[in-house]
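Beneath this line is the structure, given in structure tokens, with notes to follow.
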Amino acid sequence: MLTEDAAIAIQEALKSQVIATDILPDPIKIIAGADVEYDKDSNLIAGSIVLLDYTTLQVIAVASHCMEATFPYIPGLFSFREMPSLLRAYEKLPVQPDLIICDGQGIAHQRRFGLAAHFGVTLNKPVIGCGKTKLCGEYQDLGAARGSIAPLMDPEQIGNALRTQDNINPVFVSVGHKISLPTATNIVLQMCTQYRLPETTRLADHYARLALLEHKK
DNA sequence: GCGACAG
DNA sequence: ATCTTGTCGC
């Protein structure tokens, strides 16, 4: 059983491996979304990875994995709760994506090692962190128009608040692994074609919910 | 002690 | 995360 202190030690040991520069395929062909769904009245969780054609956003493949959660939700130790199911789902994919967008923070984290960073370093793959709310840091003067950006400071810049639709609450983009913040921010905006959240996240959430329902039948 | 706290 | 439907405010 992993203790809280041991989990923090793992983060401290791995965070130096994060690469915050662009090391990704030139034309990106396949982009992935990753999300985990929770059962309301049990300890079951379902992780899903959905693969999309980068240019058409058509679904190429989906893989999911249901299991009992093995670690509690503790702010700052989120990856230890969600990553096991995501790794199992990832192993079931028929092909690998060029890039993954995670539902959660990358280095916009108290120890600079959130879910997207942990997942990226573990897979040695480019990963973007895109959270719906912030974990830490502050921002100001975010414009109201789609595409507006404000740096998330803690006290140095750890990510961006990004307005993905006019007058709608921003999302929080940060480096996970093998990508720069400007590139990550642009890609997230590009994935937000119609809603606040990237299509990758919306679809992963949808398929994770289906996997959970199917597992309970 | 108080508030904040990814999902 | 899960609570969910109609309602308040711009």
Side-chain angles (χ1 to χ4, degrees), chain A residues 2 4 7-8 10-11 14-15 18 33-50 64-89 100-122 127-140 144-145 152-155 157-177 181 184-185 188 196-198 200-213 215-216:
Chain A
L2 188 63
E4 189 166 337
I8 291 172
I10 290 170
Q11 294 180 328
L14 293 179
K15 67 181 184 183
V18 170
D35 192 26
V36 173
E37 196 76 23
Y38 293 74
D39 184 20
K40 174 173 76 73
D41 38 39
S42 79
N43 201 31
L44 272 183
I45 63 175
S48 281
I49 313 270
V50 58
S64 303
H65 185 80
C66 286
M67 60 183 282
E68 296 280 329
T70 57
F71 198 85
Y73 170 67
I74 300 171
L77 299 178
F78 190 45
S79 63
F80 295 92
R81 181 166 176 79
E82 293 208 340
M83 229 178 54
S85 64
L86 292 177
L87 287 173
R88 297 277 184 83
I100 302 165
I101 300 180
C102 268
D103 187 28
Q105 316 297 335
I107 61 173
H109 176 278
Q110 46 271 65
R111 285 173 294 278
R112 308 294 182 257
F113 201 68
L115 170 65
H118 198 169
F119 199 40
V121 165
T122 300
V127 179
I128 295 171
C130 179
K132 295 184 282 292
T133 61
K134 70 180 179 66
L135 209 210
C136 56
E138 300 299 332
Y139 66 98
Q140 45 194 318
L152 185 63
M153 310 297 290
D154 186 39
Q157 186 172 9
I158 56 175
N160 277 329
L162 169 67
R163 195 89 70 182
T164 59
Q165 300 296 343
D166 292 350
N167 298 99
I168 295 295
N169 287 156
V171 298
F172 299 87
V173 180
S174 58
V175 169
H177 191 47
L181 183 58
T185 304
V188 168
R196 177 189 175 221
L197 299 180
T200 43
T201 298
R202 288 169 37 76
L203 287 162
D205 178 85
H206 172 75
Y207 287 112
R209 166 165 259 115
L210 287 187
L212 199 53
L213 290 174
H215 185 89
K216 291 177 73 177

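Per chain, numbering begins at 1; letters A, B, ... match sequence-line order. Since this is a predicted model, take the numbers as computed values, not measurements. We use all heavy atoms of the structure for the numbers below, so side chains are in, but hydrogens, waters and symmetry mates are not.
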request  = Check salt bridge (charged side-chain N to carboxylate O under 4.0 Å, His left out) between A:R112 and all other residues, then give those that pass, not counting sequence neighbours.
outcome  =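 A:R112 satisfies salt bridge (charged side-chain N to carboxylate O under 4.0 Å, His left out) with A:D154, A:E156 once adjacent residues are dropped.
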
How long is the line joining [atom1] of [X] and [atom2] of [N], in whole Å?
X: A:E138; N: B:dC5; atom1: CD; atom2: C1'; result: 12 Å
X: A:Q110; N: B:dA4; atom1: CD; atom2: C1'; result: 11 Å
X: A:K134; N: B:dC5; atom1: NZ; atom2: C1'; result: 9 Å
X: A:R81; N: B:dC5; atom1: CZ; atom2: C1'; result: 15 Å
X: A:L135; N: B:dC5; atom1: CG; atom2: C1'; result: 7 Å

Reckon [X] touches a base, only the sugar-phosphate, or nothing at all at heavy-atom distances under 4.0 Å?
X: A:G129; value: nothing
X: A:D41; value: nothing
X: A:L77; value: base

request  = Would you mind checking if A:D103 and A:K132 are paired as a salt bridge, meaning a charged N to carboxylate O distance below 4.0 Å?
outcome  =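 Answer for the salt bridge query: yes.
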
query = Which residue, A:H215, A:M67, A:H65, forms the side chain to side chain contact (heavy atoms under 4.5 Å, CB included) with A:I45?
reply =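 Only match with A:I45 under side chain to side chain contact (heavy atoms under 4.5 Å, CB included): A:M67.
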
inquiry  = Checking side-chain polar atoms at under 3.5 Å, does A:Q165 have a donor or acceptor matched by the opposite partner on A:R196?
reply    =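 Short answer, no.
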
message = Just by distance, no angles: are the side chains of A:Q157 and A:Y139 close enough, under 3.5 Å, to form a donor-acceptor pair?
response =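 No, because no side-chain N or O of A:Q157 sits under 3.5 Å from a partner of the opposite role on A:Y139.
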
Segment of DNA chain C, first to last nucleotide, that comes within the 4.0 Å heavy-atom reach of chain A =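 For DNA chain C, the relevant span reads C:dA1 to C:dC3.
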
ask   = So, A:F80 versus A:H118, ring centres under 6.0 angstrom or not?
value =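 Yes, ring centres under 6.0 Å apart.
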
ask   = What distance separates A:E138 CD from A:I158 CD1, expressed to the nearest 0.5 Å?
value =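 So the gap between those two atoms works out to 9.0 Å.
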
request  = Quick one: the dot-bracket string of DNA chain B, using Watson-Crick and G-U wobble pairs with both distances under 3.5 Å, [ ] for crossing pairs and | for bases paired to another strand.
outcome  = .......

